[in-house]
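Some notes on the structure that comes next.
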Amino acid sequence: FPEGKEWTYNPEALVLLSAPPASGAMVVGARVRVLPDVSEVRRLAEGHGGWVDAMAGYCGREGRVRKLTKNGNVRVRFPEGKEWTYNAAALTVLSAPGAAGAVVG
């Protein structure tokens with residue numbers, strides 16, 4: 001509070017405005033792995049950013065979620081700085097943002 005006062009409240013009297021993301025949730029900063037099956041990732045790319053043949057080299061690799069879109073697209077950045085857009089169904093969440101073993105990127 002601006003006056004510098006502190007107050008103690010009963011937790012039952014408080015309302016939670018937003019909950020932290022669930023474990024394994026697709027959120028910006030989460031560490032993810034692209035499915036290893038190139039054919040499946042290509043199929044899932046239809047209507048979700050499309051497919052570029054160079055994306056095949058990223059199947060099975062880990063990266064970090066950079067952006068989420070309303071239509072289910074997920075922008076993933078890989079350690080060397082390359083970014084690709086994927087259907088969320090083509091990704092597996094490995095850890096939450098800032099978790100140990102993080103991929104820098």
Side-chain angles (χ1 to χ4, degrees):
F1 293 98
E3 313 87 35
K5 293 185 179 186
E6 293 182 17
W7 300 92
T8 302
Y9 291 95
N10 181 327
E12 293 180 20
L14 302 174
V15 176
L16 182 63
L17 297 178
S18 66
S23 176
M26 185 72 68
V27 295
V28 172
R31 189 167 56 104
V32 295
R33 178 178 291 126
V34 182
L35 295 176
D37 184 338
V38 174
S39 297
E40 180 67 3
V41 176
R42 180 182 293 134
R43 185 187 68 75
L44 291 168
E46 293 177 23
H48 290 275
W51 178 260
V52 175
D53 287 337
M55 294 171 78
Y58 290 83
C59 289
R61 291 196 47 203
E62 295 178 17
R64 285 263 176 205
V65 174
R66 287 275 284 171
K67 182 179 179 182
L68 301 169
T69 66
K70 293 177 187 174
N71 63 348
N73 292 340
V74 181
R75 188 77 173 168
V76 177
R77 183 177 191 157
F78 295 91
E80 69 279 1
K82 183 66 180 164
E83 293 186 9
W84 293 108
T85 299
Y86 294 95
N87 180 329
L91 303 169
T92 302
V93 176
L94 300 175
S95 65
V103 174
V104 178

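Only a predicted model underlies this, so the values are computations on that prediction, with no experimental measurement involved.
- Heavy-atom minimum distance, Pro97 versus Ala30: CG-N, 3.8 Å.
- Under the 4.5 Å side-chain heavy-atom criterion for ILVMFWY residues, no single connected hydrophobic cluster contains both Leu94 and Val41.
- The two residues Val27 and Val65 have their closest heavy-atom pair at O-CB, 3.4 Å.
- For the pair Leu91/Val76, a side-chain contact is recorded, criterion being any heavy-atom separation below 4.5 Å from C-beta on.
- The nearest pair of heavy atoms linking Ala56 to Val38 is CB-CG1, 3.9 Å.
- Heavy atoms from other residues, nucleotides or ligands lying under 6.0 Å from CG of Asp53 number 12 at most.
- For Arg64 (side chain) and Gly29 (main-chain N/O), a donor-acceptor pair under 3.5 Å exists by modelled atom type.
- For the pair Asn87 (side chain) and His48 (backbone), a donor-acceptor distance under 3.5 Å is absent.
- Here the OG1-CE distance, from Thr92 to Met26, works out to 8.0 Å after rounding to the nearest 0.5 Å.
- Note: Phe78 and Tyr58 have tilted aromatic rings, judged against thresholds of 30 and 60 degrees for the angle between ring planes.
- Pro79 is listed as a side-chain neighbour of Arg61, based on a closest heavy-atom distance under 4.5 Å.
- A pairwise comparison of heavy atoms in Pro36 and Cys59 identifies O-CB, 3.8 Å as the closest pair.
- In this structure, CH2 in Trp84 is found 14.0 Å from CZ in Arg77, a value given to the nearest 0.5 Å.
- Taking CE from Met55 and NZ from Lys82, the interatomic distance works out to 9.5 Å, rounded to the nearest 0.5 Å.
- A single hydrophobic cluster is seen to contain both Val93 and Leu35, as judged by linkage of ILVMFWY side chains at heavy-atom distances under 4.5 Å, directly or through other members.
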